[in-house]
Amino acid sequence: MAEVTAQRESQPELKRVMGPGLLLLFVVGDILGSSIYALTGKVANEVGGAVWVPFVVSFLVALVTAMSYLELVTKYPHAAGAALYTHKAFGIQFLTFMVAFAVMCSGITSASTASRAFAANFAAAFDLDLGKGIAITMIALAFMMVVAAINLRGVSEGVKLNVLLTCIELTGLLIVIGIGCWALGAGDGDFGRVVEFDTGDRTAVGGVIAATTLAFYAMVGFEDSVNMAEECKQPSRIFPKVLLAGLAITALVYVLVSITAIALVPVAQLGQGDTPLLQVVQVGWPAFPTHVFAYISMIAVANTALINMLMASRLLYGMARQGVLPRPLGHVHAGRRTPYIAILFTTLLALCLIAVVSEVPELGGTTALLLLAVFTVVNVAVLVLRRDPVSHEHFHTPTALPVIGALTCGFLVTPWTDRNPQQYAIAGVLLAVGVVLWGVNHLAIRYFHAAPAAAKPPAE
């Protein structure tokens, strides 16, 4: 035991490079992702013209859970996020592993899908007729290798690239909002549609709930930032303002984009196809060079992949440092100060997914489903960990909020939300794989003589 602890303490710490500005852009870039570019029309199909309402509801649900994350990340400013909090609150290795696996699945699967989307957008942007076969797969694999190289190079390089990609990604959305403002000033469009509900056989409330299960996928991502806590400067001090500001900025952008979209394009038309915002630009500004949106979409999915792979590797690193995963995953490169074994392992998983999976239906909804289950556990964990005081000051969320968060996230996991049953099937398969891997992991820990107790946390 003493030998294992000494080996862990001998590992260099991750490099702290993220101040408030870089962290804010990381949060904004992660939440914005690429989902909003394709999600608006699908949400409109569920709720009608009031497409902005599910985004507001999703923001409120995310905000309540973010308050729990803020208490925990400022209390325990280390990598691994939800899995770490679960480990500290309940001390059940199986539960900790399954939470870590669910979060890792959401990140790696999203990154792998984003890589294939990058390849498709790359072909569209450069007018390449590559179809959907081996050529697209090879571009996606090459792209993931580039992401791995950036990740291995250092968090500073990865985060700086994220800043550039986030600014370009945000520019695309601001173009849509600007077109909406121009249309409003010119008297074009029908802004009366934004208060119309068309929920089919459902009630208005039922339609909003069903649409929220879709829209929530656009709000996930804020939880990834806590996995970067060991690479932030003074995380206990900067996280509260930065995370809340990031959520507010993205929610405002989503509401303005959705209002613009529905005002310029009727619901029936907006809900067709996978490029609703491109339709908005074509209607509101016909002279705009629409191929530019192919480049912006390509950059948006590239940013999604980069951030998800950064998060996934830090999650495994943090769990290895806690003794939940095999010790080698917690090794840090002495020169680059990056968790290189965890990066290589998560990259290998992503490459396998890219190679064998062409398209997973309902992937976004399944990702949101898994994360909502994780959020339920985190909201309970923050209450359990109130009995574990720490010596430094930290954020303290009102007790009622974690209770509301647990009940709300738990409800959104249930079939009562009219969620597509296919999402439960996919999630069930993934979790079944997780159970098998837990058995393998248990044997691997014994092989590497990993300590079951938490390692000494790195200095803040």
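Quantities reported herein were computed from a predicted structural model and do not represent experimental measurements. This chain uses plain numbering: 1 for the first residue, then up along the sequence.
- Aromatic ring orientation, Phe101 versus Phe97: parallel (interplanar angle below 30°, classes split at 30° and 60°).
- Within the 4.5 Å cutoff, the side chain of Val103 has no heavy atoms near those of the Met319 side chain.
- Between the side chains of Tyr69 and Asn379, not a single donor N or O lies within less than 3.5 Å of an accepting N or O.
- A 4.5 Å side-chain heavy-atom check between Val64 and Leu60 finds every atom pair outside the cut-off.
- With rounding to the nearest 0.5 angstrom, the OH atom of Tyr217 is 13.0 Å from the CG atom of Leu369.
- Judged purely by atom type and a 3.5 angstrom limit, Thr376 uses its side chain to pair as donor or acceptor with the backbone of Gly410.
- In this structure a side-chain-to-backbone donor-acceptor pair under 3.5 Å is missing from Lys88 to Ala83.
- Side-chain atoms of Arg314 and Asn151 include a donor-acceptor pair closer than 3.5 Å.
- The distance from atom CE of Met144 to atom CD1 of Ile354, rounded to the nearest 0.5 Å, is 4.0 Å.
- You'll find the side chain of Phe26 reaches within 4.5 Å of the side chain of Leu310, heavy atoms only.
- Atom CG of Asn162 sits about 8.5 Å away from atom CG of Leu22, to the nearest 0.5 Å.
- Partners of Val380 under the side chain to side chain contact (heavy atoms under 4.5 Å, CB included) rule, at least two apart in sequence or in another chain, are Phe90, Val384, Ala406.
- Taking the side chain as every heavy atom from C-beta outward, Lys233 and Leu23 never approach each other to under 4.5 Å.
- One N or O on the side chain of Glu71 and one on the backbone of Thr397 form a donor-acceptor pair closer than 3.5 Å.
- Note: Tyr76 and Tyr85 have tilted aromatic rings, judged against thresholds of 30 and 60 degrees for the angle between ring planes.
- Each of Leu152, Leu348, Leu316, Ile150 was checked for a side-chain contact (heavy atoms from CB on, under 4.5 Å) with Ile343, and the lone residue meeting it is Leu152.
- Residues Ala211 and Val43 approach most closely at CB-CG1, 4.0 Å, considering heavy atoms.
- Between the CD1 atom of Ile92 and the OG1 atom of Thr86 there is a distance of 10.0 Å, given to the nearest 0.5 Å.
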>> Checking Arg237 against Glu393 for the salt bridge (charged side-chain N to carboxylate O under 4.0 Å, His left out) test, could you report, in this order, the C-alpha distance in whole Å, the side-chain angles of both residues, the deciding distance, and whether it holds?
In response: CA-CA 9 Å; Arg237 185 179 65 83; Glu393 293 185 2; over 6 Å; no
>> Applying side-chain contact (heavy atoms from CB on, under 4.5 Å) to Leu72 and Leu84, what does each step give before you reach the verdict?
In response: CA-CA 9 Å; Leu72 293 170; Leu84 171 66; over 6 Å; no
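- In this structure, Arg337 does not pair ionically with Glu230, as no charged nitrogen and carboxylate oxygen lie closer than 4.0 Å.
- For the pair Tyr254 (side chain) and Ala218 (backbone), a donor-acceptor distance under 3.5 Å is present.
- Under a cut-off of 6.0 angstrom, the local environment of CZ in Phe345 is sparse, with at most 12 non-hydrogen atoms contributed by other residues, nucleotides or ligands.
- Side chain of Arg193 to backbone of Ile262: a donor-acceptor contact under 3.5 angstrom is found.
- Panel note: side chain Thr417, backbone Val413; no donor-acceptor pair is recorded below 3.5 Å.
- Atom OG in Ser112 sits 9.0 Å away from atom CG in Asn308 (nearest 0.5 Å).
- The only member of Leu170, Val176, Ile31, Val28 that meets side-chain contact (heavy atoms from CB on, under 4.5 Å) when paired with Val253 is Leu170.
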>> Please evaluate residues Leu165 and Leu161 with respect to the criterion side-chain contact (heavy atoms from CB on, under 4.5 Å), reporting the C-alpha separation (whole Å), side-chain torsions for both, the decisive distance (0.1 Å), and the verdict.
In response: CA-CA 6 Å; Leu165 299 183; Leu161 180 59; 4.1 Å; yes
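- In this structure the side chain of Ile299 never reaches within 4.5 angstrom of the side chain of Ile296, judged on heavy atoms.
- The closest side-chain heavy-atom distance from Leu95 to His87 is not below 4.5 Å.
- Side-chain atoms of Arg386 and His396, non-hydrogen and from C-beta on, do get closer than 4.5 Å to each other.
- Contact between Leu370 and Ala427 at its shortest, heavy atoms only, is CD2-CB, 4.0 Å.
- In this structure a side-chain-to-backbone donor-acceptor pair under 3.5 Å is present from His392 to Lys75.
- Of the possible donor and acceptor atoms, one in the side chain of Ser236 sits under 3.5 Å from a partner among the backbone N and O of Thr74.
- The closest side-chain donor-acceptor pair between Arg153 and Thr338, if any, does not fall under 3.5 angstrom.
- Counting only N and O atoms by type, the side chains of Thr166 and Asn303 include a donor and acceptor under 3.5 Å apart.
- Nearest heavy atom pair, residue Leu214 against residue Glu46, reads CD1-CG, 3.7 Å.
- For the pair Pro326 and Asn441, the tightest heavy-atom approach, listed with the atom from each and the gap, is CD-OD1, 3.0 Å.
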>> Assess the residue pair Ile209 and Thr212 against the criterion (side-chain contact (heavy atoms from CB on, under 4.5 Å)); give the C-alpha distance rounded to whole Å, side-chain angles, the decisive distance to 0.1 Å, and a yes or no.
In response: CA-CA 5 Å; Ile209 291 174; Thr212 298; 5.5 Å; no
>> Using side-chain contact (heavy atoms from CB on, under 4.5 Å), reason through Phe55 and Val257 one step at a time and then give a plain yes or no.
In response: CA-CA 11 Å; Phe55 286 108; Val257 166; over 6 Å; no
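- To the nearest 0.5 Å, atoms CG (Leu371) and OG1 (Thr65) are separated by 10.5 Å.
- The minimum heavy-atom distance between Gly107 and Met311, with the atom names listed, is CA-CE, 3.6 Å.
- Shown here for Val51 and Ala44, the closest heavy-atom pair between the two residues is CG2-N, 3.7 Å.
- Trp416 contributes no side-chain N or O that, together with a main-chain N or O of Phe411, makes up a donor-acceptor pair within less than 3.5 Å.
- Screening Val242, Leu24, Val27, Val73 for a side-chain contact (heavy atoms from CB on, under 4.5 Å) with Ser225, the sole residue that qualifies is Val27.
- Side-chain contact between Thr199 and Thr203 is absent, with no heavy-atom pair separated by less than 4.5 Å.
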>> Walk me through whether Arg202 and Asp418 qualify under salt bridge (charged side-chain N to carboxylate O under 4.0 Å, His left out).
In response: CA-CA 10 Å; Arg202 304 187 187 99; Asp418 202 18; 2.7 Å; yes
